[in-house]
Every structure is written in structure tokens, then in C-alpha cells.
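Just below is one structure, and these are the notes that go with it.
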Amino acid sequence: MARPVRITPPAWLTAGLKPAPAPIPWAAVARASVALSVPLAVGLATGQPAYGALVSMGALSGVIGDTADAYRMRVFNIAVPQAFGALGVTLGTLVFDEGWLAVAVLTLVALVSGMISSIGAVASVSGLLLLLNAVVGAGLPMPDPWWKAPVLLVLGGLFVLLLTLLGWPMRRAAPEREAVAATYRTVAELYEATGTAAYDEKRQAVTASLNQSYDLVLARRARQHGRAAPLVRILAQLNVVIPLVEAAPAAHLRAQLLGPLPPAVPAAVRGLADAVEEGRTGAPVLDLPVPERPAERAVDHALRHAAAVVHKADPDPYNVDDRLGRPAALRIRARRAARAVLLSEASWRYGLRLALCVGLAQALVSLIPVPRSYWVALTVTFVMKPDFGSVFSRAVLRAAGTAAGLVLAALVLSEVPRGWWDVPVMVVLAALIPAFSAKGYAFQTAAITPVILLLSDTLNHQGFDLVLPRLYDSLIGCGIALVAGYLLWPESWHVRIGDRLSDAVADTAAYVERAFAADSPDQGGRARARRKLYRDLSTVRSEFQRALTEPPPTGARAAAWWPLVVAVERIVDATTAARIRVDHGAPAPDPAEVAAVRRELRELADGLRGTDTLVEVRAELPGDESGVLAPLRQEVSAARAIAGPDLR
């Protein structure tokens, strides 16, 4: 008897419905509860509940935008988007109930919002708030005169900023120091994983941690033109992580042949992490085994160098380089950003997609009477954020999250009387936003939905009657985003994955050439090239992971290409391991052997560019089987066995 067939939804459809294993940010939970409930209480106490609701709306934007760790970055992440949000609600208020004029203005705002979103993280949130508040201002009646709504919304954002900065006097550099200490701990876990199948996963964690630490430290340094001693020390401690990371691939190869590293090695790295976090100085004490092989000497040398720098109270401020390059001056970055926005095809394409969707949503609202239908354009705005994830998966998750949030909102609106009971309810609902946001987009949507509905009800007094229209509006908005923002744009579902990966492979070939160039002793340049390459590969990995959540054929194609992403990362690791072994006593490889590897990588890059189909290629890479390049040749051959140029 045949077994019954179990019908289960595909993984690409349900991936976002699984909560991410992220810890609850308790400080953010407390901050959100205070920031959203206090304005409501003040509004009720002064007899102006609508004003309190608007301040809470501004605070909600600040809570959502407070995603950084370093205090200076948090100032920018909260304050700058608030200015754009104030502009957005002003424009929306001026065209409230103006029919087709509102359609035209919101479409233009959507175009600008989409284009500036390509600049960076702060610009992305700013563009989001610009459009969101314009939609809200055009869809909800705001108090007169016109300037009151933007002022109240900005007050809410500034209240969040004030709560955020309460700890600044006591924790000025603590976020940067904690981030660098966390990077050391990920390196310790990497050394523990050498020789095991967990090594690749731990290496990716190190890359992500290094990216975060350098972003924090260099962003702060860009605004401190002097060489302040605490900042110089943090940067020096971060820089000496690089030799430890570079020695790890060689240690991994050694562990595969001879067994795991002595426990003293990761223990020593954890000791350095504690010293960084606690700010300890003094003579370092290291109990390390005597190194015998090139890989062991590389690890020993990197550890002792790191220990000397970490425990040094006053590093030389003029002998501390920025391994990723110091950020350019603000005016130069602003000019580059403006040029990128105005001349980038991708910027215009996304701006036009967003404008089309928002224009359709607002036009639909103007033609068909839908109560409080600003929610349609609001849904489109949230879904059409490509830097937040796949448009398709976000539409599905938005619908699921909204449905879950509406269940909670229905309970609140039907059972809780309006008035002072709103304050304790908001305390609980606001706390759910940062707690659920860490779990995934659907969970964040489920937490934000009842908060927005409760604040909307304070402005409009619709009560339970808001619930079902909001569900219909969300489904309509998701439908518009899927059709006009996804299906009508072939690049959305015919992703040219090979183009992105081929650039990384070409950069890998250049890195191999630079690593073994006889006339290039610039170790700092090699380190910067390697860091940039790993950062680029991390971006490629993120894009592939995003593509995996797309429906076929994009998701299936990304899954087929995924082993090649891993293979390229291993090639970079093998190159670094070979270079480190040469630096610590192993014989240098034959230049002809290096040229053969570089040639194979360039052929692989050319073959990947512009193709959608993987073609297996058997590459013969003869060489010294006991030489330092033997593992690299194996990784290159494995990559060519996955894909290469179609010469048939």
C-alpha cells in the first residue's frame, strides 16, 4: 500500500517563518516601552491624546532605526532619518485629501526615496521614513497648522535619541571595545574549529565580526580627525587581529593532517579578548607550546604580537594604519554618493520600481473608496525595500506577519477601553518590537502592526472596525508589490548570479598574483586586499542567501551555484595559508605554478560572467604535491569541477 503523500510548502516559502536564534536585546526592550508609552501618558494628562499618539509615532521610527552599537553612529541613525521623516509628513499633510495631486506627489517622493536608499544604511532608513511619513500624512488627518505634525514626530525621535544617549557619559568607547573583544572571541572559536567541518562556518562568523568592528571603529575615527589615545589603542588592537586571522587557514591545514591545535592557543586568544574588554595593560603572560612547523610558527608569532599590542597602554599614534583604508572626508563621500545616485542605473531602476508601485497604490485608493487606505501604500513601502531582503519573500512574510499582528490588535481594540488603559498596553506592545525584530521580518511585522493600529485608533477612533480593512489593505499592497514590483521586472526573477560571483573570482586571481609576487613585499597591501576580498565575498554570500528565498527558477539556480561560492572562499583561504607558510620558513612556490593557478581562476571568472548554467570543467594543475600550493591547486580544481566556460 502506497504511503500517503504529505503536502508541505517549499523551503523557500517558509524559511522566513522560522524565528532566528537571536538573544533578546533587553536594553532596547526597556527603551522602546518607555519611548512609546510616555508620550501617550503625557498626551492623556494634558488632554491632547492625538498629540501624544503623533509623538509615539515618531518614537516608533526612532526605535526601528536604532540598529547601531556605537553611540556616534546611533546619533546619525536616529537623528538624520528623523529630518527626512519630518519632510515626508509635511509633504503628505499638504496634499491630504487632494486626490490625484496626492498620487503625483507620493509617486515623486517614492522615486527620490528609492534612489537615495542605494547610498548606505542611514540613507536607506532616511528614504524609508521620508516615504512612510509622506504616506501617513497624505492618508490621515493631521492637526492644524501644518507644522504641528512634523514637530511632534521629530519630538518622538529625539526622545528615543535622549534615552539612547543616557549611557554615553559612562560608556563612550564601550561599544567599540566590546565589538573588538567579540572579534577576538570569534577568532578563538575559529582556532578551536581548525581541522573540523565547522571551520567554514566559524570563518564566516569572523568575517562578519571583523566587518562590524571595522565599521564601528573607522566610522568613529572619520569624525575624530585627531589621534585620540583610546581610539588609537582600539584600532591597534583590532589591526593585530588580522595576522591571527591570516594564520588560521595554515593552522586549519595543519590540524587536518596532525590533529587539533593545543587548547592553549584558543585560550590565549580568549585571554586577549578579556584584556581588550576590560582595558587591562601590563606585561602579557603567554603559556604556548614551542612551534615546530611553519603554520605553528605563524600562529605563535601572531599571538605574541597581538598580546604585546593589546597590553600596551600607549600605542604609537603615528604607527597605526587603517587596514581597510581610512574613510574619505565627508565632502568627498557626499560627492561620491550624489554621483552614484544620479548616474547609477540600479538607483534609477529601483526608484522607478518603487514609484510605480506607490503610484499604483495611491491611484487605487483614489479610485476605490477604502477606509483609511493609506495602509496600502504603507505596505508597498515596507515590502519594496530590496536592501532588507527579497521582495517576494517580504511580501509573503508581510502578509503572514500582518495577519498575526491583527489577531493581537483585534484583542486589544475589542477588549481594552480607550484612554489610560492604552498606556500599560503600549508598554507591553512596544517591548515586543525589538524583541521580535531580532527573530525575523515576519515577527517584526507582527509586533509593529498592533502598535500602529493602536496609535491610529487614538487619532481616528475607529476601534475594532480598523482590523479587517487593514488586513485587506495589506493583501492589496502585497499584491501590488508582487506584480508591479517583482513580476514586471525580469531582473527580479532572472538574477544574473554569475556576474556577481565572477567579479569575486577575478579579484581572487589578482589576490593570488599579489600574494606571491616576488617584487611585492607590501604585507599591509596584501592584508587590505584580502580583507576587501573577504568583505566582497561576504556580500556575495548575502546576495545568494537572499536569492535562495526566491521562488523557482531564481532560488533553484542559487542553490545550484551555492557550492561554488563556498569553493571560492576556500580558494582565498588556501592562498592565505600558502603565503603564511612561505613567510614562516616554507619554500616559495615556482612562479610557473602560480601563473597556472591564476590562469585557471581567470578562465573561471570569464566563464561565469553572464551565464546562467554551470558547466563542469576538468582542470589539470600539475605541480609539487608536497609544496605550499598543493592545497590551493586542489581547491581550484574542485571549483573548476563545479563550473567553467562552456566551450562546447
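Count residues from 1 along the sequence.
- Annotation: side chain of I433 is in contact with side chain of L60 (closest heavy-atom distance under 4.5 Å).
- Inter-residue side-chain proximity for M142 and L152 is flagged as unmet; no heavy-atom pair is nearer than 4.5 Å.
- In this structure the side chain of L131 reaches within 4.5 angstrom of the side chain of V358, judged on heavy atoms.
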Would you please test V55 and F159 for side chain to side chain contact (heavy atoms under 4.5 Å, CB included) and show each step?
CA-CA 9 Å; V55 176; F159 184 40; 5.6 Å; no

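- Not counting sequence neighbours, the partners of T183 by the side chain to side chain donor-acceptor pair (under 3.5 Å) test are S209, S213.
- For the residue pair T379/Y374, the side-chain donor-acceptor check at 3.5 Å is not satisfied.
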Taking only distance into account, with no hydrogens and no angle test, what donor-acceptor pairs under 3.5 Å do side-chain atoms of residues 22-39 form with protein atoms, sequence neighbours excluded?
{"unit_1": "R31", "atom_1": "NH2", "unit_2": "D66", "atom_2": "OD2", "d": "3.4"}
{"unit_1": "S33", "atom_1": "OG", "unit_2": "V29", "atom_2": "O", "d": "3.3"}
{"unit_1": "S33", "atom_1": "OG", "unit_2": "V427", "atom_2": "O", "d": "2.9"}
{"unit_1": "S37", "atom_1": "OG", "unit_2": "S33", "atom_2": "O", "d": "2.5"}

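- In this structure, CE in M57 is found 8.0 Å from CG in L153, a value given to the nearest 0.5 Å.
- There is a side-chain donor-acceptor pair under 3.5 Å between S474 and W375.
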So L238 and V276, side chain to side chain contact (heavy atoms under 4.5 Å, CB included) or not? Walk me through it.
CA-CA 10 Å; L238 180 57; V276 169; over 6 Å; no

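- Remark: L106 CG to S113 OG distance equals 11.0 Å, nearest 0.5 Å.
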Can you list, pair by pair, the side-chain donor-acceptor contacts under 3.5 Å of residues 44-54, counting residues two or more places apart and other chains?
{"unit_1": "T46", "atom_1": "OG1", "unit_2": "V42", "atom_2": "O", "d": "2.9"}
{"unit_1": "T46", "atom_1": "OG1", "unit_2": "G43", "atom_2": "O", "d": "3.2"}
{"unit_1": "Y51", "atom_1": "OH", "unit_2": "K148", "atom_2": "NZ", "d": "2.6"}

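- Annotation for W421: atom CH2 does not count as buried by contact number, only 12 or fewer foreign heavy atoms lying within 6.0 Å.
- The minimum heavy-atom distance between F436 and A447, with the atom names listed, is CB-CB, 3.9 Å.
- Using modelled atom types, one side-chain atom of N133 and one backbone atom of G85 make a donor-acceptor pair closer than 3.5 Å.
- Nearest heavy atoms, M426 versus L455: CE-CD2, 3.8 Å.
- Annotation: side chain to side chain donor-acceptor pair (under 3.5 Å) contacts of Q82 (sequence neighbours excluded): none.
- The heavy-atom pair separating A86 from P150 by the smallest distance is O-CB, 3.7 Å.
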Worked verdict on K202 versus V206 for side chain to side chain contact (heavy atoms under 4.5 Å, CB included)
CA-CA 6 Å; K202 297 300 181 183; V206 168; 5.6 Å; no

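- Across all their heavy atoms, Q362 and A377 have their closest contact at OE1-CB, 4.1 Å.
- For the side chain to side chain donor-acceptor pair (under 3.5 Å) test, no residue two or more places apart in sequence or in another chain qualifies with T186.
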Could you give me the CA-CA distance, side-chain angles and deciding distance for W146 and T90, then say whether side chain to side chain contact (heavy atoms under 4.5 Å, CB included) is met?
CA-CA 7 Å; W146 63 267; T90 301; 3.7 Å; yes

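- The two residues A404 and A446 make their nearest non-hydrogen contact at CB-CB, 4.1 Å.
- Smallest separation of non-hydrogen atoms from G62 and I78: O-CG1, 4.2 Å.
- For the atom pair CG of L432 and OG of S437, the computed distance is 10.0 Å after rounding to the nearest 0.5 Å.
- Looking only at side-chain heavy atoms (C-beta outward), L453 and V412 stay at 4.5 Å or farther from each other.
- With a 4.5 Å cut-off on side-chain heavy atoms, Y184 and V310 count as touching.
- Remark: E192 engages R270 in a side chain to side chain donor-acceptor pair (under 3.5 Å) (not counting sequence neighbours).
- Taken from CG in L87 to CG in L130, the straight-line distance is 5.5 Å, to the nearest 0.5 Å.
- To the nearest 0.5 Å, atoms CG (L475) and CD1 (I480) are separated by 11.5 Å.
- Distance check, rounded to the nearest 0.5 Å: CD1 of I116 to CG of L128 gives 10.0 Å.
- Salt-bridge annotation for E178 and R185: absent, with no side-chain N of the basic residue lying under 4.0 Å from a carboxylate O of the acidic one.
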